[in-house]
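Scope of the values below: all heavy atoms of this structure, side chains included, with no hydrogens, waters or symmetry mates. Keep in mind that what you see is a predicted model, and the values were worked out from it rather than measured.
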Amino acid sequence: MKLTVNGRPREVDVEPEMPLLWVIRDVLDMKGTKFGCGIAQCGACTVHIEGRAVRACSIPVSSVSSPVTTIEGLGTPERPHPVQKAFIEAQAAQ
């Protein structure tokens, strides 16, 4: 299955029903997107798809056809995005 995550084309060999969250965290090894409640209520797993906030724990990877942006995709270590700066300043997990 092909995905674009943070502007980078990726290919993953996973079951189509696997939640996007687990593909991001376990298959792509990107730990910025967190597991919280598992029922799309807390927002810890939020990513952006087409500019919309989406709970990655509740969307199967097979239904993702547009590029995905995670917290890691917002900025760089040299030039962090304002959201990343705010997380660091508040010592927030996400």
Side-chain angles (χ1 to χ4, degrees):
M1 181 169 307
K2 294 182 181 185
L3 291 172
T4 300
V5 179
N6 298 333
R8 184 175 169 201
R10 307 295 297 262
E11 190 153 344
V12 295
D13 184 20
V14 298
E15 295 295 321
E17 309 83 35
M18 179 180 268
L20 177 61
L21 172 65
W22 300 121
V23 172
I24 292 169
R25 288 187 58 80
D26 295 346
V27 178
L28 301 178
D29 198 35
M30 299 171 68
K31 305 300 186 195
T33 305
K34 306 294 186 207
F35 174 78
C37 66
I39 58 172
Q41 295 298 306
C42 72
C45 66
T46 301
V47 297
H48 278 190
I49 299 176
E50 292 188 336
R52 291 179 333 166
V54 175
R55 305 295 199 252
C57 71
S58 66
I59 184 169
V61 68
S62 61
S63 69
V64 178
S65 59
S66 299
V68 176
T69 303
T70 70
I71 188 71
E72 292 98 339
L74 294 180
T76 66
E78 299 80 27
R79 296 193 67 192
H81 185 275
V83 171
Q84 292 169 316
K85 286 181 184 179
F87 284 2
I88 292 166
E89 290 170 11
Q91 298 180 3
Q94 179 159 355

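- The shortest heavy-atom contact between C37 and A40 is SG-N, 3.7 Å.
- For the pair K31 (side chain) and R25 (backbone), a donor-acceptor distance under 3.5 Å is present.
- Contact annotation: the side chain of T33 never approaches that of L20 to less than 4.5 Å [non-hydrogen atoms, C-beta and beyond].
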Please list, one pair per line, the donor and acceptor atoms closer than 3.5 Å that link side chains of residues 52-70 to other protein atoms, with sequence neighbours excluded.
{"unit_1": "R55", "atom_1": "NH1", "unit_2": "T46", "atom_2": "OG1", "d": "3.1"}
{"unit_1": "S58", "atom_1": "OG", "unit_2": "R55", "atom_2": "O", "d": "3.2"}
{"unit_1": "S62", "atom_1": "OG", "unit_2": "P16", "atom_2": "O", "d": "3.0"}
{"unit_1": "S63", "atom_1": "OG", "unit_2": "P60", "atom_2": "O", "d": "2.8"}
{"unit_1": "S66", "atom_1": "OG", "unit_2": "E50", "atom_2": "OE2", "d": "2.8"}
{"unit_1": "T70", "atom_1": "OG1", "unit_2": "N6", "atom_2": "OD1", "d": "3.4"}
{"unit_1": "T70", "atom_1": "OG1", "unit_2": "N6", "atom_2": "ND2", "d": "2.8"}
{"unit_1": "T70", "atom_1": "OG1", "unit_2": "E72", "atom_2": "N", "d": "3.3"}
{"unit_1": "T70", "atom_1": "OG1", "unit_2": "E72", "atom_2": "OE1", "d": "2.7"}

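- For the atom pair I24 CD1 and M30 CE, the distance stands at 7.0 Å (nearest 0.5 Å).
- The NZ atom of K85 lies 13.0 Å from the CG atom of L74; values are rounded to the nearest 0.5 Å.
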